[in-house]
Amino acid sequence: MSLEHFIDEAISPWMRDDGPESDIVLSSRIRLARNVADVSFPLIASEEKLEAIHDFFQEKYEHQSFRNHEDFEFISIRDLTAVEKHVLVEKHLISPHLVKYSDESAALISQNEQISVMINEEDHIRIQLYYPGLQLERALEDAFAFDDWLEERVDYAFDETRGYLTCCPTNVGTGLRASVMMHLPALTITKQINRIIPAINQLGFVVRGIYGEGSEAVGNIFQVSNQITLGKSEEDIVSDLGSIVNQLIGHERNARSILMKQSELTLEDRIYRSYGVLEYSRIINATEASRCISNVRLGIDLGIIKHTSRNILNELMVLIQPGFLQHFAKKNLTANERDVLRASLIRERLELEK
Amino acid sequence: MECQECHERPATLHFTQVINGEKKENHVCEVCAKEKGYLSYPDEAYSFHHLLTDLINFNASKLDSVENKTLKQQSQELTCTHCGMTFSQFKQIGKFGCASCYETFSSRLDPIFRRAHAGNTKHNGKVPKRTGIDLQTRKQIESYKKELQHLIETEAFEDAAIIRDKIKELESNPRKSEAGDKS
């Protein structure tokens, strides 16, 4: 196996499994930021030093396995085409930052795509670990063990008082960013989300769109994550995040049942119209597609639309992205060409479900 | 009312700041407000990065206003010996150059961390498993010593002897410490 299957498949193997609360929580992610002791951060380190770290990881970890995360693929970002980079970002396997500063950057990705280690991102090492549904504790345990496994061969920059030292002061201490991806259509329809987000911010947690900082909540998908990394233990951060997420789940379920009770026909109409658009449109842009996919997924969750799998949201959300479409077409496409191809891919995908 | 910063121009901006529960009234002119980073420029795109650098600048200026001139002078010369980053560069970009920067700028970091991490300045989480063993052992010994002191004061000599032996064992063979399993 090689790079191809990371690129060819729209959804990662681990996404095919349903996790707890997976009608609302798409995935849980643990990110740990680490740096190599005695080497300046990638921001100002010399090319030679960064190249040495790049080579070290290739030499020591390429094709290694950890637990069920087998056969790590080592990918130098500079060797990728523009479209390949795009696809890996759309699948959340690497960050836009890693692509932007790609001279010595690399990624180490397990075959199940659950672990992705970014090398020479803002920090030397960024461990990312995904689990389907709401499984923060399990993900943290796995990430800790993986962190220890890496540390057997790497001396980390660590300070007794400040903890793990990172390039940005907002990551220092635990270096942990725990985040949960949630589909919250009912809270969005009822506009309750606008009241909830500021309340969550006050607790030291952030709500963002699907592609991280500054991005819009495409397809009613929100990312909730911790902001504070210093002074709280990882376990506390994760359990606080977990309880916020559980409350959000409660609010979303509540909003869904109220919508069903008070305006079932309107809701049904909205869902079937969206289904109709996806099934019959010949030209569709990403924004409209995301909105319709979100409605259809809500319809599946509420039992209004049957015989269509839930996974469709995760898969179509990546499938409709510009990078993936161009990879599929094997050429660069104009925005109009993308809208046409997007519509036909969605139609095909829905046909498969029947 | 004159500006509290320059004492030349009239104060046109009046606001109250609450920092860690302490109220502070501010009366400044527009020029000083811009300099101190109290005013945001409407054409600048709002981003988390700006917020962060503003916050770092803000704290530094607060330190300055304490009129601790020696500290101020030191800060202008604070340069990391490992990577060459100066404190003013750090303030500007909001990122550290290397791990040693933390040491170099140590005296000025607490207010910055407090703002970014809800009042926290000390790590309270995972410790590296391999390289952290020594550290954990040292911490364990420290806490045993405190306990020992307490036991001696309360004349619980039998218990004290047990703790003393534990300390001895840890000091002679740190790798075997039970604290090593933690994390």
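A, B, ... follow the sequence lines: proteins, then strands. Residue 1 opens every chain.
For A:Tyr101, the OH atom sits in a loose shell: 12 or fewer heavy atoms of surrounding residues, nucleotides or ligands are nearer than 6.0 Å. Within 6.0 Å of the CG atom in A:Asp38, the count of heavy atoms belonging to other residues, nucleotides or ligands does not exceed 12. Atom CD of B:Glu103 is surrounded by 12 or fewer heavy atoms from other residues, nucleotides or ligands within 6.0 Å.
Annotation: the span from A:Phe41 atom CZ to B:Cys101 atom SG amounts to 7.0 Å, rounded to 0.5 Å. Considering CE of B:Met85 and CD1 of A:Ile44, their distance stands at 4.5 Å, rounded to 0.5 Å.
Both cation-pi conditions hold for B:Lys126 and A:Phe144: the charged atom is under 6.0 angstrom from the six-membered ring centre and inside a 45 degree cone around its axis.
In terms of the ring-ring contact (aromatic ring centres under 6.0 Å, His included) criterion, B:His150 has no residue partners (sequence neighbours excluded).
Residues A:Thr166 and B:Tyr102 share a closest heavy-atom pair of O-OH, 2.5 Å. Of all the heavy atoms in B:Leu109 and A:Arg162, the pair that sits closest is CB-NH2, 3.9 Å. When every heavy atom of A:Glu234 is checked against every heavy atom of B:Gly125, the shortest pair comes out as OE1-CA, 3.3 Å. Nearest heavy atom pair, residue A:Leu43 against residue B:Ile93, reads CD2-CD1, 3.8 Å. Closest non-hydrogen pair, A:Tyr164 versus B:Pro128, comes out as OH-N, 3.2 Å. Contact record, B:Lys129 with A:Glu151: N-OE1, 3.1 Å, taken as the closest heavy-atom pair.
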Side-chain donor-acceptor distances from residues 27-36 of chain A under 3.5 Å, at least two apart:
residue	atom	partner	partner atom	Å
A:Ser28	OG	A:Gly133	O	2.6
A:Ser28	OG	A:Gln135	N	3.0
A:Arg29	NE	A:Ser179	OG	3.1
A:Arg29	NH1	A:Gln128	OE1	2.8
A:Arg31	NH2	A:Asn171	OD1	3.1
A:Arg31	NH2	A:Gly175	O	3.4
A:Arg34	NE	A:Asp147	OD1	3.1
A:Arg34	NE	A:Asp147	OD2	3.4
A:Arg34	NH1	A:Thr174	O	3.1
A:Arg34	NH2	A:Asp147	OD2	3.0
A:Asn35	OD1	A:His124	N	2.8
A:Asn35	OD1	A:His124	ND1	3.2
A:Asn35	ND2	A:Asp123	OD1	2.9
A:Asn35	ND2	A:Leu165	O	3.0

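Put simply, the residue from A:Asp148, A:Val154, A:Asp155 that forms a side-chain contact (heavy atoms from CB on, under 4.5 Å) with B:Arg130 is A:Asp155.
Between A:Glu122 and B:Lys95 there is a salt bridge, with a side-chain nitrogen of the basic residue lying less than 4.0 Å from a carboxylate oxygen of the acidic one. Checked for salt-bridge contact, B:Lys122 and A:Asp159 miss the test: no charged N lies under 4.0 Å from a carboxylate O.
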Exercise. Do B:His123 and A:Val172 pass the side-chain contact (heavy atoms from CB on, under 4.5 Å) test, and can you show the C-alpha distance, the side-chain angles, and the key distance before you say yes or no?
Worked result: CA-CA 8 Å; B:His123 178 54; A:Val172 72; over 6 Å; no
For this session: Evaluate the side-chain contact (heavy atoms from CB on, under 4.5 Å) criterion for residues A:Asp236 and B:Asn124: first the C-alpha distance (whole Å), next the side-chain angles of each, then the deciding distance (0.1 Å), finally the verdict.
Result: CA-CA 10 Å; A:Asp236 285 351; B:Asn124 185 23; 5.6 Å; no
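For the set A:Ala45, A:Cys167, A:Gly163, A:Ser233, the entry with the most heavy-atom pairs within less than 4.5 Å of chain B is A:Cys167. Contact count versus chain A (heavy atoms, under 4.5 Å) is highest, among B:Cys80, B:Cys98, B:Ser100, for B:Cys98.
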